[in-house]
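Each ligand, and each atom within it, is numbered from 1 in the order the structure gives. Throughout, numbering of the chain's residues begins at 1 and tracks the sequence. Because only heavy atoms are used, hydrogens play no part in the values below, and waters and symmetry mates are left out as well, while side chains stay in.
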Amino acid sequence: MKIARTVADLRIVSDWQRSGQTVALVPTMGALHAGHLSLVGRARALCDRVIVTLFVNPRQFDRPEDLGKYPRSEERDSAMLEPCGVDLLFAPPPEEIYPAGFATTVSVAGLTSGMCGDFRPGHFDGMATIVTKLFLMSRAERAFFGEKDWQQLQIVRRLVQDLNIPIEITGCPTVREPDGLAMSSRNERLSPGDRSIAPALFAALTHAAKRLQAGEEIEDILFAARKQITDAGFDRVEYLELRHHTTLEPLQHIGEPARLLAAAWLGPVRLIDNVPV
Ligand code: PAF
């Protein structure tokens with residue numbers, strides 16, 4: 001596995017493409033876990049070459065303390081990727097991505113309002129900007145994103161379509177711990193006590209999804225699910241909402257394909273999760 005630090009180092013991608021090989025991109029912010037490795041596995045299965053990017057993007061953090069505390073572990077991450085058949089790890093310094101004078105923001109309307117968009121101002125603009133840059137810098141044909149960040153996945157699909165970026169987006173199922181907790185780099189920051197409470201988020205979503213499918217009253221179910229999460233020991237539920245699965249429009253009745261999405265705080269850690277309905 002080669003390590004690239006500059007955009008110029010990515011020129012090797014043109015050589016691969018000239019010889020007819022397909023190129024996959026797996027964007028990450030590092031602190032890798034089995035969820036990331038499943039994206040790499042899918043990329044490996046579908047493309048000839050795999051690029052993993054490792055960049056803790058300062059522009060998508062709405063709170064400086066969250067950026068400061070974000071786990072950074074390049075040595076451990078590259079040791080995890082090495083045996084997975086990754087061809088290139090792109091781990092640029094911030095000045096390579098945002099040189100002096102950088103002045104452009106990619107902003108997707110509609111899908112970015114509500115849910116994480118309301119509680120993390122600027123987050124999706126920062127995410128959309130870095131993802132667009134990574135697509136254009138790598139010129140990969142296919143990119144892989146986890147379904148855990150469901151709102152992010154819909155935004156990425158939209159921007160690729162709107163900007164005619166020639167890349168196919170593949171969403172991959174959330175990887176979970178045996179007790180149901182969605183894998184996340186943020187789980188590392190849970191205290192042992194909070195770690196035992198954390199699976200309650202997925203449990204509440206799963207239970208609510210079953211009740212929704214059974215045709216019970218939506219508002220009652222959402223209220224009960226929020227209560228189930230705080231009763232389990234979460235400090236607060238930021239949002240828990242039923243949305244259309246792709247447009248993310250709020251839904252008042254079941255019938256169309258839907259997603260139940262939530263974010264909740266456990267001590268200093270904000271966890272998100274979602275399930276199909
Ligand atoms: O999902 C993430 O880890 C990040 O938002 C991404 C897509 C790597 C962009 O920084």
Under-4.0 Å heavy-atom contact with ligand 1, by part of T28 that carries it: backbone
Ligand-side contact atoms (ligand 1) for residue partner F145, heavy atom cut-off under 4.0 Å: 7 (C)
Partner residues of F145 under the ring-ring contact (aromatic ring centres under 6.0 Å, His included) criterion, sequence neighbours left out: none
R49 bridged to D15 by N-O distance under 4.0 Å: no
Atom indices of ligand 1, in the order listed, that fall short of 4.0 Å to a heavy atom of I130: 9 (C), 10 (O)
By ring-ring contact (aromatic ring centres under 6.0 Å, His included) - contacts of Y98 (at least two apart): F102
Student check: side-chain heavy atoms of Q213 and V277 closer than 4.5 Å: yes
Close-contact set for ligand 1 against P27 heavy atoms, below 4.0 Å: 8 (C)
Proximity winner for atom 9 (C) of ligand 1, if only heavy atoms of K133, Q60, H123 are counted: Q60
M127: numbered ligand 1 atoms lying under 4.0 Å from its heavy atoms: 5 (O)
Heavy atoms from other residues, nucleotides or ligands near CD of E65 exceed 12 (cutoff 6.0 Å): yes
Under 3.5 Å side-chain donor-acceptor pair for R139 and S14: yes
Closest approach of any protein heavy atom to atom 2 (C) of ligand 1, naming residue and atom: Q152 NE2, 3.9 Å
Atom 3 (O) of ligand 1: the protein heavy-atom neighbour that sits closest, reported with distance to 0.1 Å: M29 CG, 3.8 Å
